[in-house]
Amino acid sequence: MGVRAASGGQVLSLDTLVRLQRGLHSPGTPRRLPVPEGMTAPLGCDAVSVPARLGPLVLPRLPRVGCVYADETHWWWIVPSDSDYALEWPAPAEYAAGAVVPDAPAVPGLIHKPDGTLPYTPPIPLYLALCRVTGTTPTWSRSVTA
């Protein structure tokens, strides 16, 4: 099934019309945090974001800091892919698979680059620092009820 413009122009299929409609309502263009030149990411890249007000509180609590990106509203830490496996990151932290920042108007700026070639912040120390700053008990320390 297709729709032809009254002026006899191009025929648009139903699939094309649906795709165009979805494009009108989709959020901003997803942006991926880039790995800086000269660095490698053999474990893939995901990211953990926090509101910008928490970034300076988390940073000094980490024994090793990888690439950190920031804009006015959020800070993002690069972590190895699948660092959300069996972890519930404490709110208001958000986990971004593929290091994709969906609603950022532009790619956030790199504010910290580690020495060496790996861009990662170790996920467990980052998780614990976020739990500490947000007052959240780590999942493995919570009591289990039957």
Side-chain angles (χ1 to χ4, degrees), residues 2-3 5 9-10 12-146:
V3 176
Q10 178 181 2
L12 299 176
S13 71
L14 186 55
D15 290 338
T16 301
L17 292 172
V18 169
R19 192 171 41 251
L20 289 171
Q21 178 68 22
R22 287 182 182 153
L24 293 175
H25 293 44
S26 63
T29 303
R31 302 181 191 287
R32 186 176 310 274
L33 297 173
V35 173
E37 191 172 323
M39 299 191 100
T40 62
L43 301 176
C45 284
D46 288 348
V48 176
S49 75
V50 298
R53 65 182 166 75
L54 295 179
L57 302 174
V58 172
L59 198 60
R61 296 178 184 270
L62 297 171
R64 182 188 184 286
V65 180
C67 290
V68 181
Y69 296 83
D71 62 18
E72 308 81 43
T73 60
H74 290 89
W75 283 32
W76 290 267
W77 279 265
I78 297 292
V79 294
S81 291
D82 300 323
S83 292
D84 61 336
Y85 181 75
L87 280 181
E88 293 175 33
W89 289 86
E94 292 187 22
Y95 193 83
V100 173
V101 184
D103 295 326
V107 174
L110 180 66
I111 62 169
H112 183 270
K113 179 182 173 189
D115 294 332
T117 61
L118 296 176
Y120 306 121
T121 295
I124 298 300
L126 177 59
Y127 173 80
L128 292 172
L130 287 169
C131 285
R132 182 70 173 217
V133 167
T134 61
T136 304
T137 302
T139 53
W140 54 77
S141 297
R142 295 180 192 156
S143 59
V144 178
T145 58

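Numbering starts at 1 and runs along the sequence shown.
Across K113 and P36, no two heavy atoms sit closer than the pair CE-CB, 4.0 Å. For the pair T136 and P90, the tightest heavy-atom approach, listed with the atom from each and the gap, is OG1-CB, 3.5 Å. The two residues P119 and T40 come nearest to each other via the heavy atoms CD-O, 3.0 Å. The shortest heavy-atom contact between A86 and T139 is O-OG1, 4.4 Å. Looking at every heavy atom in both residues, A47 comes nearest to W76 through CB-CD1, 4.3 Å. What you find for A93 and L130 is that their closest heavy atoms are CB-CD1, 4.1 Å.
Remark: R132 CZ is loosely packed, at most 12 non-hydrogen atoms of other residues, nucleotides or ligands lying under 6.0 Å away.
Inter-residue side-chain proximity for V58 and W77 is flagged as met; some heavy-atom pair is nearer than 4.5 Å. R32 is not listed as a side-chain neighbour of C45, based on a closest heavy-atom distance of 4.5 Å or more. Proximity of W75 to L54: side-chain heavy atoms (C-beta onward) are nowhere separated by under 4.5 Å. For the pair T121/P114, no side-chain contact is recorded, criterion being any heavy-atom separation below 4.5 Å from C-beta on. Residues S83 and Y127 are not in side-chain contact: their nearest non-hydrogen atoms beyond the backbone lie 4.5 Å or more apart. Taking the side chain as every heavy atom from C-beta outward, V65 and L59 approach each other to under 4.5 Å. Between V35 and C67, the closest side-chain pair of non-hydrogen atoms is not below 4.5 Å. Using a 4.5 Å heavy-atom cutoff, the side chains of D46 and S81 are in contact.
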Show your working on side-chain contact (heavy atoms from CB on, under 4.5 Å) between V48 and D84 and close with a plain yes or no. CA-CA 9 Å; V48 176; D84 61 336; over 6 Å; no
Pair L62, L126 - check side-chain contact (heavy atoms from CB on, under 4.5 Å), show working. CA-CA 7 Å; L62 297 171; L126 177 59; 4.2 Å; yes
Go through the steps for Y120 and V79 under the test side-chain contact (heavy atoms from CB on, under 4.5 Å), then give the verdict. CA-CA 5 Å; Y120 306 121; V79 294; 5.6 Å; no
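Separation of atoms CZ (R61) and CG (L128) is listed at 11.0 Å; rounding is to 0.5 Å. The CG atom of L43 lies 10.0 Å from the CG atom of D82; values are rounded to the nearest 0.5 Å.
Using modelled atom types, no side-chain atom of H112 and backbone atom of Y69 make a donor-acceptor pair closer than 3.5 Å.
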